[in-house]
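These numbers were taken from a predicted model, which means no experiment stands behind them.
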Amino acid sequence: MISGHACRPVLAALLGAIVLVGCTEGPQDPLPTSTSPGIRPSASSATPTVSTTTLTESVEALAAYDRFWAAKVASQADPTKEPPKALRANAIDKALSDALATVLLLRRNGVEMRGEPTHETSVVSVAAGARPEVAITDCLDSTGWLPVFVATGDSALAPGQSPRVVVESVATVFDGRWVIKTSTAFRDRSC
């Protein structure tokens, strides 16, 4: 088994890539956010320019993102258990493989995540069509979501990491439902 100090670099990389994410400046005329649905007009326009289809896709994509994160948090709270079915139901491709790899890494190192992160999400772009995609940016705040060594209760968080980082994700429709296809945390982009 890896000692607590020996696995800190592994956890630092893990948390930098998966757990800790930041925000970027969003567009001046952002689409709806999960905390404040609705369209905000730009300073130069008194009326929104987003179609009903785009609004619907944005709302559905943000809901899928919320479900994806709820499943990630549940899976990392006790990595010794099988990840919840909701993880596979709300993620595909790289987003799913990265989430499952994180659970495996936490399990191998005897670490679990305690608490919950908070999110400030917004839609960056919507590509409508037969295979719609919605780009989402999130300022993930992990101040209340921390890695802990199960055996000792000690923190597994590497020093100097920003608790607020940017996560960029893409939602799409798969098998008739909105899912997250990619989700990348940018540790070097604090928000």
Please name the pair of heavy atoms, one in Asp138 and one in His119, separated by the smallest distance, quoted to 0.1 Å.
OD2-ND1, 2.6 Å
Which heavy atom in Ser75 sits nearest to a heavy atom in Leu87, and how many Å separate them?
OG-CD2, 4.2 Å
Is any side-chain heavy atom of Trp178 closer than 4.5 Å to one of Pro132?
yes
Would you say Asp78's side chain and Thr80's backbone share a donor-acceptor pair under 3.5 angstrom?
yes
Closest non-hydrogen atoms of Ala158 and Gln161, given as atom of the first, atom of the second and distance, are CB-NE2, 3.3 Å
Mind checking whether Trp69 and Ile180 have side chains closer than 4.5 Å, heavy atoms only?
no
Give a yes or no on whether a salt bridge exists between Arg164 and Asp141, defined as a side-chain N under 4.0 angstrom from a carboxylate O.
yes
Side chain proximity check, Asp98 to Ser183, heavy atoms < 4.5 angstrom:
no
Heavy-atom side-chain proximity of Pro117 to Val73 below 4.5 angstrom
yes
Validation row: Gln76, Trp145 side chains within 4.5 angstrom (heavy atoms)
yes
Does some side-chain heavy atom of Thr172 sit less than 4.5 Å from a side-chain heavy atom of Ile92?
yes
Is it true that Glu133 and Arg131 have a side-chain N and a carboxylate O under 4.0 angstrom from each other?
no
Please answer: with hydrophobic residues joined when any side-chain heavy atoms are less than 4.5 Å apart, are Val170 and Phe186 in the same cluster?
no
Kindly determine whether Thr182 and Glu168 satisfy side-chain contact (heavy atoms from CB on, under 4.5 Å), including the steps that lead there.
CA-CA 8 Å; Thr182 63; Glu168 293 181 358; over 6 Å; no
Are Thr121 and Leu62 side-chain neighbours, meaning at least one heavy-atom pair lies under 4.5 Å?
yes
Kindly compute the distance separating CG (Leu96) from NZ (Lys72), expressed to the nearest 0.5 Å.
10.5 Å
Which heavy atom in Leu146 sits nearest to a heavy atom in Ser142, and how many Å separate them?
CD2-O, 3.7 Å
With hydrophobic residues grouped by side-chain heavy-atom distances under 4.5 Å, do Val59 and Val179 end up in a single group?
no
Is there a path of hydrophobic side-chain contacts, each under 4.5 Å between heavy atoms of I/L/V/M/F/W/Y residues, joining Val123 to Val173?
yes
Determine whether Ile136 and Val134 make a side-chain contact, defined as any pair of heavy atoms from C-beta on separated by less than 4.5 Å.
yes
Between Arg177 and Glu60, is there a side-chain N and carboxylate O pair less than 4.0 Å apart?
no
First locate atom CZ of Arg88, then atom CG of Leu100, and finally report the distance between them rounded to the nearest 0.5 Å.
5.0 Å
Check Val103 against Pro83 and note the closest heavy-atom contact, atom names and distance.
CG1-CG, 4.3 Å
What do the steps show when you test Val111 against Val150 for side-chain contact (heavy atoms from CB on, under 4.5 Å), and what is the final call?
CA-CA 6 Å; Val111 174; Val150 177; 5.9 Å; no
Could you pull out the closest heavy-atom pair between Ala128 and Glu57, with the gap in Å?
CB-OE1, 3.8 Å
